[in-house]
Number of protein chains: 2
Amino acid sequence: MSDSKNDLAGKNESDEVSKEVTDKYSLRGRVFNRIREDILSGKYAENEELKEVSIGNELGVSRTPVREALRQLELEGLVNIIPNKGAYVHGISQKDIHDIYVIRSYLEGLAARWACERITDEEIEALEENVYISNFHIGKKHYETIVELDSAFHETIYKASGSKILEHQLSTYHHYVERIRKISLGREERAKKSNEEHAAILEAIKGRNGDLAEKLAHEHIISTIANLNKQGL
Amino acid sequence: MSDSKNDLAGKNESDEVSKEVTDKYSLRGRVFNRIREDILSGKYAENEELKEVSIGNELGVSRTPVREALRQLELEGLVNIIPNKGAYVHGISQKDIHDIYVIRSYLEGLAARWACERITDEEIEALEENVYISNFHIGKKHYETIVELDSAFHETIYKASGSKILEHQLSTYHHYVERIRKISLGREERAKKSNEEHAAILEAIKGRNGDLAEKLAHEHIISTIANLNKQGL
DNA sequence: GCAAGTATCATTGTATACAATAATGCACAT
DNA sequence: ATGTGCATTATTGTATACAATGATACTTGC
């Protein structure tokens with residue numbers, strides 16, 4: 001075998017490749033993501049019935065993947081299933097979104113605290129790079145990229161927390177409010193401030209200051225909530 | 001032969017709306033709960049492969065309900081599914097349990113805070129009754145009942161928080177650690193102290209003192225963690 | 001003897017068939 | 001005209017059949 005230092009060809013021990021729990025490439029995964037998007041984007045009305053055959057026909061698949069997707073969405077709370085009766089949309093309201101942000105404000109704080117104890121040098125480097133590159137893209141108004149970098153920053157901290165449970169939960173919430181985050185980070189002013197807050201959190205983590213890191217990460221989310229309110233969301 | 005298959009068909013008790021998202025009376029629901037219990041109780045080894053046909057045969061059902069159950073467990077994080085390959089146990093470790101308690105310490109605090117603002121008179125009465133009755137059963141060492149009452153107390157607060165999201169999440173965590181809670185409350189000393197803490201939380205909520213309620217609910221869980229450590233868990 | 005390629009098998013992914021349950025509408029009695 | 005009961009229909013629940021993919025073992029060429 002080759003001892004080449006180039007990683008790019010070799011298999012890079014990726015036990016957890018996909019961020020998403022549900023894979024994107026199976027029919028079930030696609031149906032799942034599609035319905036979820038349609039619920040989160042408001043395409044389906046609240047309490048609307050989701051019939052397996054209808055959705056199946058619409059997406060060109062059979063009932064089986066649709067059923068599996070609906071059962072998963074039930075567990076996520078986005079769909080309400082009444083046995084032998086049907087599946088009904090149970091979307092997230094404005095209040096739900098607000099609740100998620102408040103919950104996140106606590107859990108992001110906890111994640112930052114734990115990250116202080118367990119973060120690796122590679123992860124710190126990734127965060128530093130993230131903040132630096134984000135600054136560039138904010139200047140260029142590359143909003144798509146900004147959102148992706150924001151996700152990556154938070155996900156890195158989730159992972160650095162060393163808690164599978166916390167990482168899993170925060171990832172889910174993070175995805176839930178993705179639509180909202182896109183709007184929030186669409187304002188250059190907020191994007192800039194957000195990245196400054198990221199930098200401060202990073203410094204606290206680098207300094208292994210758990211109390212401060214928790215406080216800053218907590219305030220980062222509170223600050224986001226305030227911004228959303230300012231935008232009338 | 002009147003084993004698994006017939007057990008489920010005979011269940012006729014209803015009337016009560018299930019706390020669990022997943023209904024208990026469909027095959028899928030039964031399979032789901034069964035596998036979950038088996039993972040949480042440690043019957044399956046970590047990373048053990050869960051083959052659809054094997055489990056199906058074992059429970060006397062076809063692959064379909066098993067698949068659906070596995071897909072749901074994947075979303076709960078208890079099973080890791082590699083597309084086209086298989087489903088693998090991803091159980092919760094001692095550390096996971098500890099993490100859950102710490103996470104809960106924050107979220108229970110938040111639930112108590114929110115409950116101060118939104119709790120109804122009926123819910124307050126239910127909590128008062130709960131504390132009173134618990135005291136009785138603690139004296140009688142009715143440990144089964146004590147655990148149920150403990151669950152009911154917390155679930156009532158979750159509901160009183162008025163947050164669908166928070167309620168859903170805390171319920172899930174609460175169930176996750178049910179096995180541990182049974183052990184914890186099995187010591188009379190802890191059961192007694194726990195109920196006193198419940199009483200204090202209730203008083204804070206009745207007084208609509210959000211800061212205090214949050215603090216007490218938070219400390220209630222921290223206190224539980226300390227007790228678990230004392231028991232070597 | 002060993003490695004590469006291939007055949008075979010095991011297992012999952014998807015579709016469809018059949019069964020059970022709930023919803024709907026119509027006939028009929030009052 | 002209306003309410004009840006039955007038949008019909010629509011929809012979900014479960015089982016099975018078939019397709020696709022990955023794992024395994026064997027063969028074959030060297």
Side-chain angles (χ1 to χ4, degrees), chain A residues 1-2 11 14-15 17-18 20-35 44 47-75 78-90, chain B residues 1 3-15 17-18 20-35 44 47-75 79-90:
Chain A
M1 55 169 85
S2 125
K11 51 171 119 179
S14 49
D15 52 345
V17 179
S18 71
E20 289 302 305
V21 181
T22 305
D23 76 293
K24 292 180 160 124
Y25 307 113
S26 68
L27 287 189
R28 170 182 56 86
R30 281 180 30 216
V31 172
F32 176 87
N33 286 316
R34 170 63 177 275
I35 300 177
Y44 292 124
N47 292 322
E48 185 172 341
E49 186 169 1
L50 298 171
K51 290 173 194 162
E52 296 169 359
V53 279
S54 308
I55 295 174
N57 289 337
E58 196 177 323
L59 302 180
V61 300
S62 79
R63 285 175 56 208
T64 307
V66 177
R67 273 186 68 83
E68 291 178 358
L70 288 175
R71 292 310 178 283
Q72 290 193 300
L73 288 164
E74 180 199 18
L75 219 69
L78 291 176
V79 158
N80 183 24
I81 290 180
I82 302 176
N84 289 312
K85 192 140 180 294
Y88 302 88
V89 172
H90 200 103
Chain B
M1 59 161 108
D3 38 295
S4 42
K5 242 182 203 168
N6 288 341
D7 289 347
L8 126 114
K11 292 235 172 181
N12 198 11
E13 57 205 287
S14 52
D15 207 15
V17 179
S18 71
E20 287 303 306
V21 181
T22 303
D23 76 293
K24 291 178 161 134
Y25 308 114
S26 67
L27 288 189
R28 170 184 56 87
R30 246 178 44 86
V31 173
F32 176 87
N33 287 315
R34 170 64 179 275
I35 300 177
Y44 292 124
N47 292 321
E48 184 172 342
E49 186 169 2
L50 299 172
K51 290 173 194 163
E52 296 170 0
V53 280
S54 308
I55 295 174
N57 289 338
E58 196 177 324
L59 302 180
V61 301
S62 78
R63 285 175 55 207
T64 307
V66 177
R67 272 185 69 83
E68 291 178 357
L70 288 175
R71 292 309 178 283
Q72 291 193 300
L73 288 164
E74 179 199 19
L75 220 68
V79 158
N80 183 24
I81 290 181
I82 302 176
N84 289 312
K85 191 139 181 295
Y88 302 87
V89 172
H90 201 110

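A, B, ... follow the sequence lines: proteins, then strands. Residue 1 opens every chain.
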How long is the gap from [atom1] on [X] to [atom2] on [Y], to the nearest 0.5 Å?
| X | Y | atom1 | atom2 | value |
| --- | --- | --- | --- | --- |
| B:Leu27 | B:Arg30 | CG | CZ | 7.0 Å |
| A:Leu50 | A:Arg67 | CG | CZ | 13.0 Å |
| A:Leu73 | A:Glu68 | CG | CD | 12.0 Å |
| A:Glu74 | A:Arg71 | CD | CZ | 6.5 Å |
| A:Tyr44 | A:Ile55 | OH | CD1 | 4.5 Å |
| B:Arg28 | B:Asn33 | CZ | CG | 9.5 Å |

Extract from the structure each pairing of a protein N or O with an N or O of nucleotides 9-11 of chain C at less than 3.5 Å, listing the distance.
from: C:dT11; atom 1: OP1; to: B:Lys51; atom 2: NZ; distance (Å): 2.9

Rounded to whole Å, please give me the gap between [atom1] in [X] and [atom2] in [N].
| X | N | atom1 | atom2 | answer |
| --- | --- | --- | --- | --- |
| B:Ile81 | C:dT12 | CD1 | P | 10 Å |
| B:Ile82 | D:dT21 | CD1 | C1' | 14 Å |
| A:Asn57 | D:dT11 | CG | C1' | 13 Å |
| A:Phe32 | C:dT14 | CZ | P | 15 Å |
| B:Arg67 | D:dT16 | CZ | P | 16 Å |
| A:Arg28 | C:dT12 | CZ | P | 13 Å |
| A:Ile55 | D:dT12 | CD1 | P | 9 Å |
| B:Leu59 | D:dA15 | CG | C1' | 15 Å |

Does A:Arg71 make a side-chain N or O approach to OP1 or OP2 of D:dG13 shorter than 4.0 Å? yes
Which of the following nucleotides, C:dC18, C:dA15, D:dA15, is nearest to the side chain of A:Arg63? C:dC18
Does the D:dT16 base have a donor-acceptor partner in the side chain of B:Thr64 within less than 3.5 Å? yes
Using atom types as modelled, flag every donor-acceptor pair under 3.5 Å from a side chain in residues 79-89 of chain A to any protein atom, sequence neighbours excluded.
from: A:Lys85; atom 1: NZ; to: A:Tyr88; atom 2: OH; distance (Å): 3.4

